[in-house]
Amino acid sequence: MPEPSNGRFWLPSPPSNPELVAFLEMIEEAVLLVDPERDIHYANPAAGELAHRFATDPDDPDNPMPLLALVPDEVFSLAADERWAGEARDADTALVLAVRRYPWIIDGVAGHLLLLRDVTESRHRQDELRRRHTELQQTYARLAGAQEQLLQSEKMASIGQLAAGIAHEINNPIGYVHSNLVSLRDYTSGLLELIGAYEHALAPKLDEATLATIAGVRARIDFDFVSTDLPELINESREGLERVRRIVQDLKDFSHAGRDAGWRRVDIHKGLESTLNIVWNDLKYRARVERHLSALPLVECHPSEINQVFMNLLLNASHAIGERGTIVLASGHDEAQDEVWISIRDSGPGIAAEVLPRIFDPFFTTKPVGTGTGLGLSISYGIVKKHGGRIDVSNGAEGGAVFTVVLPVHQPVRVGSDNT
Ligand SMILES: Nc1ncnc2c1ncn2[C@@H]1O[C@H](COP(=O)(O)OP(=O)(O)OP(=O)(O)O)[C@@H](O)[C@H]1O
Ligand SMILES: [Mg+2]
């Protein structure tokens with residue numbers, strides 16, 4: 001093991017040429033002369049400084065031996081006069097290395113001339129640049145996604161407005177068709193009653209031929225069937241119309257979006273039901289819906305936004321269910337905390353532990369590309385947070401995910417009541 005000479009560099013057998021030594025001491029590159037046994041015969045001051053970075057020996061921080069640990073083994077099997085150039089790296093350090101196995105003997109040593117340049121900083125800068133570049137690319141992708149989402153929500157908003165307009169227009173004719181049907185039902189039953197009375201009064205007084213003609217007409221028009229079917233037809237039409245009226249009302253409630261600029265006190269269950277009707281098409285073939293709802297006070301909120309939260313949670317539940325299952329809606333009122341809660345539980349697979357911490361992240365989705373944007377829960381989170389509430393998530397005891405929306409009944413600044 002060579003000994004340190006003057007504390008700055010190793011000189012067990014330094015080159016004896018003073019000009020060469022002066023030159024080597026001057027340059028910035030680290031220079032090592034190493035024999036095939038990897039004993040260092042000469043290290044210039046730059047090598048000593050570079051060795052500081054490793055400082056494995058506190059009594060001798062300039063000891064350049066650890067530098068050799070970074071040098072690839074193949075370097076030491078170079079043939080005479082062969083060269084090698086490359087980069088040597090560990091986690092903290094990057095060195096550009098040029099090696100030459102010199103064919104002649106300097107001061108009795110035959111071995112390798114190693115030229116090392118510390119490029120750690122520039123490599124770090126390159127790594128940093130690369131990291132930032134990746135970050136920028138990701139941010140760009142997110143921005144593009146957000147723009148897509150904005151366009152989508154703008155489209156939805158105008159569809160919502162259109163729907164609200166159409167709903168309004170449909171409401172009028174529905175109103176008079178509905179009231180006409182009520183009159184029609186009353187008139188029909190009156191007319192049937194009148195026919196019955198005529199029949200009863202006239203039958204004994206009519207001759208055979210007239211009675212036969214009447215019986216013929218009666219059979220032709222299937223009077224007995226018509227007289228029982230007519231009220232049923234009118235009732236069915238009223239029911240159908242009632243359904244149309246409800247759909248229109250749901251559309252109006254739902255597309256209140258953007259129009260309810262202020263806070264209102266509303267019946268949260270009503271919003272939940274109308275949202276359920278809106279997404280019913282998506283749900284009806286897969287999910288049976290159970291309700292365990294308690295009486296709730298009116299809640300101060302932006303109803304359309306809360307409906308949007310319900311919609312996201314209901315759709316997620318429906319998607320989680322897959323083929324066939326159950327969605328359980330429950331609600332409650334915590335008077336002490338002045339809060340209400342609405343929970344939506346599904347019978348899907350639940351949420352995996354590794355996914356759970358990320359579900360509220362924007363753009364996080366486990367759905368196939370093009371299926372989910374991964375924005376549903378992050379938007380819902382933002383809405384509920386704005387309301388001073390929270391969304392709790394857990395996996396139910398019987399499996400499936402449970403999302404519980406907790407909302408304060410009152411907002412810090414009180415508003416007027418409106419339960420329309
Ligand atoms: N009820 C649930 N059961 C199981 N996993 C769920 C449930 N709800 C949400 N998740 C998980 O959370 C992820 C994020 O949900 P989020 O609603 O934010 O986005 P998405 O449903 O994937 O897409 P988007 O709602 O934008 O169409 C889902 O991809 C899914 O992995
Ligand atoms: Mg979703």
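Whatever order the structure lists them in is the order used to number ligands and atoms, beginning at 1. Here, residue 1 is the first one in the sequence, and each next residue gets the next number.
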Between [X] and [Y], does any side-chain N to carboxylate O distance fall below 4.0 Å?
X      : Y      : answer
Arg123 : Glu87  : yes
Asp81  : Arg100 : yes
Asp127 : Arg132 : no
Arg101 : Glu82  : no
Arg131 : Glu128 : yes
Arg291 : Glu273 : yes

field: By side-chain contact (heavy atoms from CB on, under 4.5 Å) - contacts of Ser122 (at least two apart)
entry: Val119, Arg125
Can you tell me how far the [atom1] atom of [X] sits from the [atom2] atom of [Y], to the nearest 0.5 Å?
X      : Y      : atom1 : atom2 : answer
Phe403 : Phe310 : CZ    : CZ    : 14.0 Å
Leu272 : Asn307 : CG    : CG    : 8.5 Å
Leu313 : Gln308 : CG    : CD    : 11.0 Å

message: What I want to know is whether Gly374 and ligand 1 share at least one N or O pair that is separated by under 3.5 angstrom.
response: yes
Element-labelled atoms of ligand 1 that are located less than 4.0 Å from some non-hydrogen atom of [X]:
X      : answer
Ile359 : 11 (C), 12 (O), 14 (C), 18 (O)
Thr365 : 20 (P), 22 (O), 29 (O)
Ala401 : 1 (N), 2 (C), 3 (N)
Asn316 : 1 (N), 8 (N), 9 (C), 15 (O), 16 (P), 17 (O), 21 (O)

In terms of residue, atom name and distance, what is the protein heavy atom nearest to [atom]?
atom                    : answer
atom 21 (O) of ligand 1 : Lys367 NZ, 2.6 Å
atom 29 (O) of ligand 1 : Thr366 N, 2.9 Å
atom 3 (N) of ligand 1  : Ala320 CB, 3.4 Å
atom 26 (O) of ligand 1 : Thr373 OG1, 2.5 Å
atom 14 (C) of ligand 1 : Phe364 O, 3.3 Å
atom 6 (C) of ligand 1  : Ile351 CG1, 3.9 Å

Side-chain donor-acceptor pairs of residues 381-391 under 3.5 Å, sequence neighbours excluded:
| from | atom 1 | to | atom 2 | distance (Å) |
| --- | --- | --- | --- | --- |
| Lys386 | NZ | Glu305 | OE1 | 2.9 |
| Lys386 | NZ | Glu305 | OE2 | 2.9 |
| His387 | ND1 | Ile383 | O | 2.8 |
| His387 | NE2 | His302 | N | 2.9 |
| Arg390 | NE | Asp392 | OD1 | 3.3 |
| Arg390 | NE | Asp392 | OD2 | 3.3 |

- prompt: Can a non-hydrogen atom of Pro349 be found less than 4.0 Å from any atom of ligand 1?
  reply: no
Sum of protein N, O or S atoms, each under 2.8 Å from the Mg ion (ligand 2): 1
message: Below 4.0 Å, non-hydrogen atoms only: which portion of Asn312 touches ligand 1? Side chain, backbone, both or neither.
response: neither
task: Report the part of Phe403 in contact with ligand 1, treating N, CA, C, O as backbone and CB onward as side chain, heavy atoms under 4.0 Å; options are side chain, backbone, both, neither.
output: side chain
- prompt: Can you name the residues that form a side-chain hydrogen bond (donor to acceptor under 3.5 Å, both in side chains) with His292, not counting sequence neighbours?
  reply: Glu290
Donor + acceptor pair across side chains of Ser331, His269 (<3.5 Å): yes
message: For atom 18 (O) of ligand 1, which of the options Val355, Leu315, Asp346, Leu377 provides the nearest non-hydrogen atom?
response: Leu377
